[in-house]
Amino acid sequence: MTDGSVAKPRRISVLGSTGSIGTSTVDLLKRMAGDIEVRALVGGRNVALLAEQARELRAEIAVIHDEGLHEELKSRLAGSGIRTAAGRQAVIEAGAMEADWTMAAITGAAGLEPTLAAARNGHAIALANKEALVCAGDVMLRAVGEAGATLLPVDSEHNAIAQALGGCDMSTVEKIVLTASGGPFRQSSLEDMRAAPPEKALKHPTWTMGAKITIDSASMANKGLEVIEAARLFGLTEDRIDVLVHPQSVVHGLVQFRDGSLVAQMGSADMRIPIAHTLAWPQRMETPCQRLDLAAFGRLDFEAPDEVRFVPLRLARQVLRAGGAAPAVFSAANEIAVDAFLNRRIGFLGIGETIDSALQAMTENPELTTLDEVLEWDARGRALAEEHILRESGRLRNTVSENALHA
């Protein structure tokens, strides 16, 4: 028998609702009408999409990060009864709103403060922001522990590991394996990679993602960030985290147990699957995602990653072993380098060179225990990367001038 009471709708917030992870999340939430209450939607600059999402989900508040777009957001939501806000502080306040489940999908260091604010509520955090654990791992995990929150990994690889572990004792695990598609340059020479324009790097062979994460995948900086994140999430040392290149993107993660068993999680290349896993956790929910047809693939290939061509992956392992502020500098320098590449200020291989230069320029490597310290070193990492890019562009101009003189 039941007491006749009606279950309350789950309170949901989506930080980064207009990005690739956010739009996939909204697609699933639209299928849950009546069972959820959307508290906050936070977007970056896509004000039209944010307003559309807010109306469709009847959100309590819509927040745009770019303050210059606030008037347009208010205009688009006029008469809807949906509150609006804009700016960095408003984004943090949206993250702090009481919610039973929060998607943390704001890319980069900009997502640190709102994600931390959400964690302090003590509820479920679906974590799609790598930097939260890469840059601020100790700070974030301490906040999660103190608040009694639940951290649910959204990255397909980390979500795959969580599923393959099945709640087992980590002492039974020998190692975990993160898979990588290899990106568009898996079989390219260093010469081809050096000459590759942004358009080529943005053509991912299996996944559809935002520009930043697509370039990260092409350079394998993304996999490096995931190695660091996995160490934080699962309490593992660097030597117990392997990476395998798997071009079909069918197997997303594997766990090697001490008895010799190797357990893999598989699924189609659709981010709605890991998002749904976190959204329904500890249950399972139905999704419209394509079911995997292994017979259609016929074969699955695996190979070791090439850390000579993909320098960021090698650097990430070094950074994980070094600890301290090094991960924050790695992440910050990578953000600057990716932006510089997309704006044609550096070549593709310049991404790894910029990260390496920033790390080499560190004169100290302290432990980071507060968010302010994390943000300080994030800023230092950005400055060091920018200095390298400016220095190299100056050398390039000098070389061009000398060649012109001798022509």
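Quick caveat: nothing in here was measured; it's all calculated off a predicted structure. Scope of the values below: all heavy atoms of this structure, side chains included, with no hydrogens, waters or symmetry mates.
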task = Decide yes or no for D306 and V245: does some side-chain heavy atom of the first lie under 4.5 Å from some side-chain heavy atom of the second?
result = no

query = Does the side chain of L152 reach to within under 4.5 Å of the side chain of L127, using non-hydrogen atoms?
reply = no

note = So CG of L315 and CG of N334: to nearest 0.5 Å the spacing works out to 10.0 Å

task = Using a strict cut-off of less than 4.0 Å between a Lys/Arg side-chain nitrogen and an Asp/Glu carboxylate oxygen, indicate whether D155 and K130 qualify as a salt bridge.
result = yes

message = Please give me the minimum heavy-atom distance between G381 and A358, naming the atom from each residue.
response = O-CB, 4.3 Å

ask   = Is E229 salt-bridged to R232, cutoff N-O under 4.0 Å?
value = no

query = Do F185 and F348 make the cut of ring centroids closer than 6.0 angstrom?
reply = yes

query = Is a salt bridge present between E364 and R380, judged by a nitrogen-to-oxygen distance below 4.0 Å?
reply = yes

query = Does a side-chain heavy-atom distance below 4.5 Å link L368 with V139?
reply = no

task = Answer yes or no: is there an ion pair linking E37 with R58, defined by an N-O contact shorter than 4.0 Å?
result = no

query = Which atom pair, heavy atoms only, marks the closest approach of A211 to L342?
reply = CB-CD1, 4.2 Å

key: Partner of R11 under side chain to side chain contact (heavy atoms under 4.5 Å, CB included), chosen from H123, M97, E60   = H123

query = Does the pair L384 and S357 meet the rule for a side-chain contact (heavy atoms from CB on, under 4.5 Å), with working shown?
reply = CA-CA 8 Å; L384 291 171; S357 175; over 6 Å; no

task = Taking only Lys NZ, Arg NE, NH1 and NH2, and the carboxylate oxygens of Asp or Glu, determine whether E303 and R186 approach each other closer than 4.0 Å.
result = yes

key: R76 and E52 ion-paired at < 4.0 Å   = no

query = Hey, are S261 and D259 close enough side-chain-wise for a donor-acceptor pair under 3.5 Å?
reply = yes

message = Closer than 3.5 angstrom, by distance alone: can the side chain of H252 be matched with the main-chain N or O of G267 as a donor-acceptor pair?
response = yes

task = Scan side-chain atoms only and decide if D270 and Q290 contain a donor-acceptor pair under the 3.5 Å cut-off.
result = no

ask   = So do the side chains of I64 and L50 get within less than 4.5 Å of each other, counting heavy atoms only?
value = yes

task = Return the minimal non-hydrogen interatomic distance between V154 and N159, and the atom names on each side.
result = O-CB, 4.1 Å

message = Looking only at side-chain N and O atoms, does T369 offer a donor or acceptor that is under 3.5 Å from a partner on E373?
response = yes

inquiry  = Strictly below 4.0 Å, N to O, side chains only: are R382 and D378 in salt-bridge contact?
reply    = yes

message = What's the separation between atom CZ in R120 and atom CD1 in I125, rounded to the nearest 0.5 Å?
response = 11.5 Å

query = Does W377 use its side chain to pair, donor to acceptor, with the backbone of A326 at less than 3.5 Å?
reply = no

task = Apply salt bridge (Lys or Arg N to Asp or Glu O under 4.0 Å) to E56 and K30, showing your working.
result = CA-CA 7 Å; E56 287 180 325; K30 286 191 290 187; 3.6 Å; yes

task = Determine whether more than 12 heavy atoms belonging to other residues, nucleotides or ligands lie under 6.0 Å from atom CZ of R45.
result = no

inquiry  = Test side-chain contact (heavy atoms from CB on, under 4.5 Å) on S181 and H204; report intermediate values, then the result.
reply    = CA-CA 9 Å; S181 70; H204 196 280; 3.1 Å; yes

E131 side-chain N/O to G108 backbone N/O, donor-acceptor pair under 3.5 Å = yes

message = Checking the side chain of S75 only, and the main-chain atoms of E71 only, is there a donor and an acceptor separated by less than 3.5 Å?
response = no

inquiry  = Would you say that L320 contacts P327 through its side chain, given a criterion of any heavy-atom pair below 4.5 Å between the two side chains?
reply    = no

task = To the nearest 0.5 Å, tell me how far L178 CG sits from L313 CG.
result = 10.0 Å

inquiry  = Between D35 and P9 (side chain of the first, backbone of the second, donor and acceptor by atom type, cut-off under 3.5 Å), is there such a pair?
reply    = no

Side chain proximity check, F302 to V251, heavy atoms < 4.5 angstrom = yes

key: Closest non-hydrogen atom pair between N129 and T107, with its separation   = ND2-C, 4.0 Å

query = Ion pair present between R291 and D293, side-chain N to carboxylate O less than 4.0 angstrom?
reply = no

ask   = Atom CZ in R272, atom CG in D27: separation rounded to 0.5 Å?
value = 5.0 Å

query = Between D372 and T370, is a side-chain hydrogen bond (donor to acceptor under 3.5 Å, both in side chains) present by the stated rule, with each step listed?
reply = CA-CA 5 Å; D372 285 343; T370 68; 5.3 Å; no

task = Look up atom CG in L262 and atom CG in L254, then write down how far apart they are to the nearest 0.5 Å.
result = 5.0 Å

query = For M362 and V329, what are the C-alpha separation, side-chain angles and deciding distance, and is it a side-chain contact (heavy atoms from CB on, under 4.5 Å)?
reply = CA-CA 9 Å; M362 292 177 66; V329 170; 3.8 Å; yes

inquiry  = Restricting to non-hydrogen atoms, name the atom on A337 and the atom on I389 that form the minimum distance, rounded to 0.1 Å.
reply    = CA-CD1, 4.5 Å

message = Closer than 3.5 angstrom, by distance alone: can the side chain of R309 be matched with the main-chain N or O of S188 as a donor-acceptor pair?
response = yes

message = Side chains of F257 and V173, heavy atoms from C-beta outward: is any pair under 4.5 Å?
response = yes

query = Is T172 reaching over with its side chain to a backbone N or O of C168, donor-acceptor style, under 3.5 angstrom?
reply = no

inquiry  = If the threshold is 4.0 Å, N to carboxylate O, is there a salt bridge linking D100 and R10?
reply    = no

key: Approximate separation, where rounding is to 0.5 Å, of D356 CG and I351 CD1   = 13.5 Å

query = Do the side chains of F330 and L225 get nearer than 4.5 Å, heavy atoms only?
reply = yes

inquiry  = Can a donor-acceptor pair be found, under 3.5 Å and without considering hydrogens, that links the side chain of S217 to the backbone of I213?
reply    = no

ask   = Does the S17 side chain pair with the main chain of V14, one donor and one acceptor, at a distance under 3.5 Å?
value = no

ask   = Hey, is K212 close enough to E335 for a salt bridge, meaning N to O under 4.0 Å?
value = no

message = For a salt bridge (Lys or Arg N to Asp or Glu O under 4.0 Å) check, start with the C-alpha distance between K223 and E307, then their side-chain angles and the critical distance, and finish with the verdict.
response = CA-CA 11 Å; K223 208 53 50 180; E307 294 186 2; over 6 Å; no

query = Checking side-chain contact (heavy atoms from CB on, under 4.5 Å) for the pair F297/L292: CA distance, chi angles, key distance, verdict?
reply = CA-CA 9 Å; F297 280 95; L292 198 60; 3.7 Å; yes

message = Does this structure show an ion pair linking R194 with E191, if we count only N-O contacts that are shorter than 4.0 Å?
response = no

query = Would H246 and T179 count as having a side-chain donor-acceptor pair, cut-off 3.5 Å?
reply = no

task = Walk me through it: do R317 and E238 pass the test salt bridge (Lys or Arg N to Asp or Glu O under 4.0 Å)?
result = CA-CA 7 Å; R317 287 195 174 278; E238 180 267 335; 2.7 Å; yes

inquiry  = Can you tell me which residue among H65, E113, E93 is in a side-chain hydrogen bond (donor to acceptor under 3.5 Å, both in side chains) with R88?
reply    = E113

Any donor-acceptor N/O pair, T102 side chain to A104 backbone, under 3.5 Å = no

message = Quick check: closest heavy atoms across A85 and I61, and the distance to 0.1 Å?
response = CB-CD1, 4.1 Å

